[in-house]
Amino acid sequence: RSTLFPYTTLFRSLELIYPRSFRDLNGDGVGDLNGITLKMDYLSDLGVDAIWISPFFTSPMTDLGYDVADYQNVDPVFGGLDDFRMLLDEAHARDIKVMIDLVPCHTSDQHPWFVESRSGRDNPKRDWYVWRDGNDGHEPNNWVSLAGGKSWTFDADSGQYYLHSFLPTQPDLNWDNPEVRLAIKDVVRFWFDMGVDGMRVDAIWGISKDPELRDDTVNYDFHGDSNSYGAYIHDHCKHGPHFQEYLHELASVCDEYDDKQMVFEFYPDERLGDIWRQYHDVIHVHPKATAFFMEHRQNDWHGEHTGWNIMNYLEATGENTPFFCLGNHDQPRVTSRLGLPRSRALQFLNLLCPGVSVMYYGDEIGMEDVDLTQHDAQDGFHHSLQDDRNRARTPMQWNSSRYAGFANVLPWLPVHPNRKQVNVAKETKDPGSLLWLCRKLLELRHELPILRHGTMEKLDTGNGFVLGFRRQLDGQQLQIYINFADSAQTVWLPETGRVIIGTNPDIHVDGDVLQLPGYGGVLIDIK
């Protein structure tokens with residue numbers, strides 16, 4: 001299969017920044033907006049032309065910013081609105097676009113909307129959230145929260161339960177109320193009018209629910225805790241009858257502007273049907289919206305499977321913009337999951353895919369998860385330190401100093417002990433480093449339209465360990481090969497060509513014979 005990408009992308013490549021951990025400038029041990037602005041030249045030199053910043057809005061921080069108490073302001077820990085405006089100006093001066101997070105399906109329980117809603121059954125904002133009577137003294141249904149426990153919390157003052165798909169401090173908004181939909185669209189307009197270029201939309205699957213609030217189906221294949229999320233097939237608590245309609249309505253705000261983009265956070269659920277059909281249905285709700293490809297997070301280290309996953313996603317994307325990711329702030333780091341050689345190969349492939357390639361801050365230098373102590377634990381979603389998402393949110397390693405150049409005081413999370421070997425300052429000087437490789441690939445991505453817009457076709461390499469792709473545009477042809485084995489592999493090329501770049505400097509083509517080292521990758525220009 002071969003797919004052409006005729007769209008005009010707003011971005012070519014994007015760095016996801018977790019603001020608490022990028023750079024602390026005000027000396028409190030927590031990263032801030034001015035710290036990001038300070039490092040804007042680094043981002044420009046890296047070669048990305050867009051950044052995505054995780055939530056920095058006013059918040060009590062029970063979910064570290066994803067519990068929003070004011071959608072149109074900056075939490076003091078990160079600075080103020082003027083600091084964000086300066087960040088925008090400095091980014092745009094370097095032709096770097098800025099995407100921010102939108103959290104549309106729930107608020108903080110301290111948001112004025114919920115404070116009003118909770119104040120009484122007759123309050124005009126009561127129906128802005130999902131309130132229900134109990135069922136014979138129990139919760140209204142069997143829905144469970146992604147954060148653990150039931151999705152319902154009882155409010156003694158009003159005698160009803162409110163719904164929360166995540167923490168009890170994150171009550172779900174009622175998207176069936178048109179006033180809610182209008183209010184969230186006004187939030188988008190507020191930031192777009194300020195100059196923000198795009199929105200990453202968080203946790204969209206709960207935007208529509210079964211209006212009858214029927215029980216989710218029990219998952220009889222699950223043998224763990226019967227109160228855990230995996231104990232149910234989530235066929236009623238998400239993907240309701242208005243799912244695509246509400247996503248389209250939200251994305252339609254982009255039509256009011258010439259140059260805005262939305263990207264949905266979406267994890268398909270194989271228990272609800274074909275995952276590629278689910279991708280297709282989300283991606284095609286609006287021409288200016290799409291969804292991240294996150295199937296690499298499954299750690300399925302298999303060349304053939306990886307190849308078909310990519311092609312299936314591209315087929316589902318069609319003429320909309322693909323967004324390829326290896327990781328984010330909710331997943332273990334790719335180097336910790338796969339090891340540096342394999343993550344290097346996958347990063348090589350990711351930066352050669354069409355559309356937009358996304359890197360999580362620090363992945364360009366090979367940062368790894370940090371082992372946390374109970375003292376470090378701040379993630380309310382997990383009771384196990386091994387599952388704590390903050391293991392992948394530790395301070396950016398700028399240099400080899402005590403706090404890795406992130407701060408001058410003790411940071412909010414510990415710095416990885418490997419900071420002396422894995423840091424920006426050291427890798428900038430090493431032509432064999434991952435950072436050097438990422439910079440060269442991003443430079444090629446900027447220079448060669450074929451890498452963003454060309455067709456992509458999976459090749460039969462004749463070697464089950466080697467994944468190959470053909471990219472074509474306007475008579476130009478490039479071929480990509482990735483070795484999924486830890487030992488050297490030989491591939492006979494369908495055409496002769498020259499090596500443009502490889503994961504290793506000594507990869508070469510001898511006529512039509514390609515020798516790939518273990519976990520090696522190469523981009524070849526076919527003449």
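- Using a 4.0 Å cut-off between a side-chain N of Lys or Arg and a carboxylate O of Asp or Glu, D49 and R94 do not qualify as a salt bridge.
- Taking the ring centre of W191 as origin, the terminal cationic atom of K260 falls outside the region bounded by 6.0 Å and 45° from the ring axis.
- Under 4.0 Å is where a charged nitrogen must lie from a carboxylate oxygen, and between R200 and D202 at least one such pair does.
- A salt bridge is defined here as a Lys NZ or Arg NE, NH1 or NH2 lying under 4.0 Å from an Asp or Glu carboxylate O, and R391 with D369 meets this definition.
- A donor-acceptor contact closer than 3.5 angstrom links the side chains of Y279 and E295.
- With salt bridges taken as basic N to acidic carboxylate O contacts below 4.0 Å, none links E364 and R439.
- In this structure, a donor-acceptor pair under 3.5 Å is absent between the side chains of E245 and H248.
- D101 and Y66 share a donor-acceptor pair across their side chains, judged by distance under 3.5 Å alone.
- Remark: the backbone N or O of M456 is not paired with any side-chain donor or acceptor of Q472 at under 3.5 angstrom.
- Side-chain atoms of Q489 and N463 form a donor-acceptor pair, as typed in the model, at a separation below 3.5 Å.
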Hey, can you pull the donor-acceptor pairs under 3.5 Å for the side chains in residues 495-503, sequence neighbours left out?
| unit_1 | atom_1 | unit_2 | atom_2 | d |
| --- | --- | --- | --- | --- |
| E495 | OE1 | Q479 | NE2 | 2.8 |
| T503 | OG1 | G521 | N | 2.8 |
| T503 | OG1 | G521 | O | 3.4 |

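- In the model, N34 has a side-chain atom that pairs as donor or acceptor with a side-chain atom of D83 under 3.5 Å.
- Between D281 and R277 there is a salt bridge, since a side-chain N of the basic residue sits under 4.0 Å from a carboxylate O of the acidic one.
- Under the 3.5 Å distance criterion, with hydrogens and angles disregarded, no donor-acceptor pair is assigned to the side chains of E315 and T317.
- With D269 contributing its side chain and R271 its backbone, the two residues share a donor-acceptor pair below 3.5 Å.
- D330 is linked by a salt bridge (Lys or Arg N to Asp or Glu O under 4.0 Å) to R389, R393, counting only residues two or more places apart in sequence or in another chain.
- Taking the ring axis of W412 as reference, the NZ or CZ atom of R20 stays within 45° of it and closer than 6.0 Å to the ring centre.
- The two atoms that bring H286 and A251 nearest to each other are CB-CB, 3.6 Å, heavy atoms only.
- Annotation: cation-pi pair R342/W301 present, NZ/CZ under 6.0 Å from the ring centroid and within 45° of its normal.
- Between R12 and E447, none of the side-chain N atoms (NZ, or NE/NH1/NH2) sits under 4.0 Å from a carboxylate O, so this pair counts as no salt bridge.
- A side-chain N or O of H416 and one of N418 form a donor-acceptor pair less than 3.5 Å apart.
- Of the N and O atoms on the side chains of T335 and E368, not one donor lies less than 3.5 Å from an acceptor on the other residue.
- Between D363 and R333, at least one side-chain nitrogen of the basic residue sits less than 4.0 Å from a carboxylate oxygen of the acidic one, meeting the salt-bridge criterion.
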